[in-house]
Amino acid sequence: MKTLITNAVLTDAGGTRDGKVLIRDGRIEKVYKPGSRIRAKYDSEIDAGGLTLMPGFIDTHSHLRDPGLTYKEDLTTGLRAAVKGGFTTVTAMANTKPVTDTAEKVADIKARAKEVGLADVNQVCALTKDFGSRECVDFPSVVAETRSISNDGHNVDDAEAMAEGLRASQEYDFILMCHEEPETETVVRDIGLLRENGGHLHICHISKKATLDAIAEAKKEGLDITCEVTPHHLYASGLEYRVHPPFRTWNDRRALIAGCAAGTIDTLGTDHAPHSEEDKAAGSPGINNYETAFGMYHTVFSKAGIPLSRLSEMASAKPAQRLGMKAGLIKEGYPADLVLVDPSEEWQIRPKAFVSKSHNTPFGGDWILGRVHKTIKSGQVVYDADAEEPFNPIKAEKSEETEQETQA
Ligand code: DOR
Ligand code: ZN
């Protein structure tokens, strides 16, 4: 099956250019320069109508609430919201019920996400059993299912557990993703532990200038540390709306935006955290971000003069690199995970129109810049804003094995 995408402006971490993209069997087969003759035959054409084609967004941080908290979100509603937001891969944190803390639990979520057929789920496993204080998960079995480990939602208070996690991240080659509370103090502790123990550390949702300064210094030392920032910490400061970490000062926010421009912040992580109205009223922290993330990032970046190619680097190329995926660029041989956006379209956030199961955001009514029109997963349009039925899941192909099982 071959599809040709025409009339698109191509933007990825490498910059912006015109061109056409030929997709074959879920991969980018060829990227044509403008004016080149296309001899290849193809089965279908997607006329982008002048929209901008970017690599699908790869989220380094979110909460899908499945299993156990599915009244807030489930894999189907969460992944619908994700593709509506242009995400083709999302990283789902382990604070489910029960806590995702074994290889079997990770495998179960991955299998069910695959059945939904919209976006890939990079399912995270907890660092400690049931998010307890000291006993780490069984790393050898877990790393067969995921390379992302985190107790997100909770700080790792016990320095010994943290040190063990860092050593294991080195030995078993995974990324330890950390929610740091209190933020700067714990990041400083963890940089010390990284220096002593080695390892691969990713700091989740940084929100303060002092944190970023500490991470920038650690990078200069050559430590393997990366960090992410959320849409809401870039977009707003000083709000009372409850989220962890909280909204900070304008000075912090300005430093985070500068960190995106300078490259000291590596990835964009939505921290999509759906909550029901009741839970939110009772004080649950979090913001529902998938459907507005791109517009929020792009609104901030364009005001600050940061090009869309840098947004793409932070939303796709760098997350892929950190998560060990060969993806996130418009490049021959890469997966045809793509998104068509209109970077100049302004639209209004209407929480009631979210396809997520929850609607918790303080930004309802805001006008933001940049809208997702189509999301393409493995060469198939899985979300089309302009279609009567916007969601078009990939039908799971039965593997030979399962077919034999069915026959038996
Ligand atoms: O605001 C947040 N919500 N921060 C977190 O760390 C956890 C998340 C959640 O799970 O709701
Ligand atoms: Zn967190």
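Just so you know, ligand 1 is whichever comes first in the structure, and atom 1 is the first atom listed for that ligand. The first residue of the sequence shown is numbered 1, and numbering continues consecutively from there. Since the model is a prediction, treat every value here as computed from it, not as a measurement.
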Discussion item. Tell me the protein heavy atom at minimum distance from atom 8 (C) of ligand 1, and give that distance in Å.
Written reply: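 Scanning the protein heavy atoms, the shortest distance from atom 8 (C) of ligand 1 goes to His63 NE2, 3.6 Å.
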Worksheet item: In the protein, which heavy atom is nearest to atom 4 (N) of ligand 1, and how far is it?
Response: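 Protein heavy atom with the smallest distance to atom 4 (N) of ligand 1: His244 O, 2.9 Å.
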Is the contact between [X] and ligand 1 made by the side chain, the backbone, both, or neither, using heavy atoms and a 4.0 Å cut-off?
X: Arg242; result: neither
X: Arg65; result: side chain
X: Pro285; result: both
X: Asn95; result: side chain
X: His275; result: side chain

Worksheet item: Which of the atoms in ligand 1, numbered in the order shown and given with their element, are less than 4.0 Å from a heavy-atom of Val243?
Response: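 Under 4.0 Å from Val243, ligand 1 has these atoms: 1 (O).
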Within the 3.5 Å criterion, strictly below it, is a donor on [X] or [Y] matched to an acceptor on the partner's side chain?
X: His63; Y: Asp152; value: yes
X: Thr211; Y: Thr184; value: yes
X: Thr226; Y: His202; value: yes

Fill in: Shortest-distance N, O or S atom of Asp152 relative to the Zn ion (ligand 2)
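So the atom name we want here is OD1.
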N, O or S from [X] under 2.8 Å to the Zn ion (ligand 2):
X: Asp271; value: no
X: His179; value: yes
X: His61; value: no

Discussion item. Could you check whether Tyr241 and Phe247 have their ring centres less than 6.0 Å apart?
Written reply: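 No, ring centres 6.0 Å or more apart.
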Using modelled atom types only, decide if a donor and an acceptor are shared between the side chain of [X] and the backbone of [Y] within a distance under 3.5 Å.
X: Asp101; Y: Asp130; value: yes
X: Asp43; Y: Lys2; value: yes
X: Asp337; Y: Gly56; value: no
X: Asp12; Y: Met54; value: no

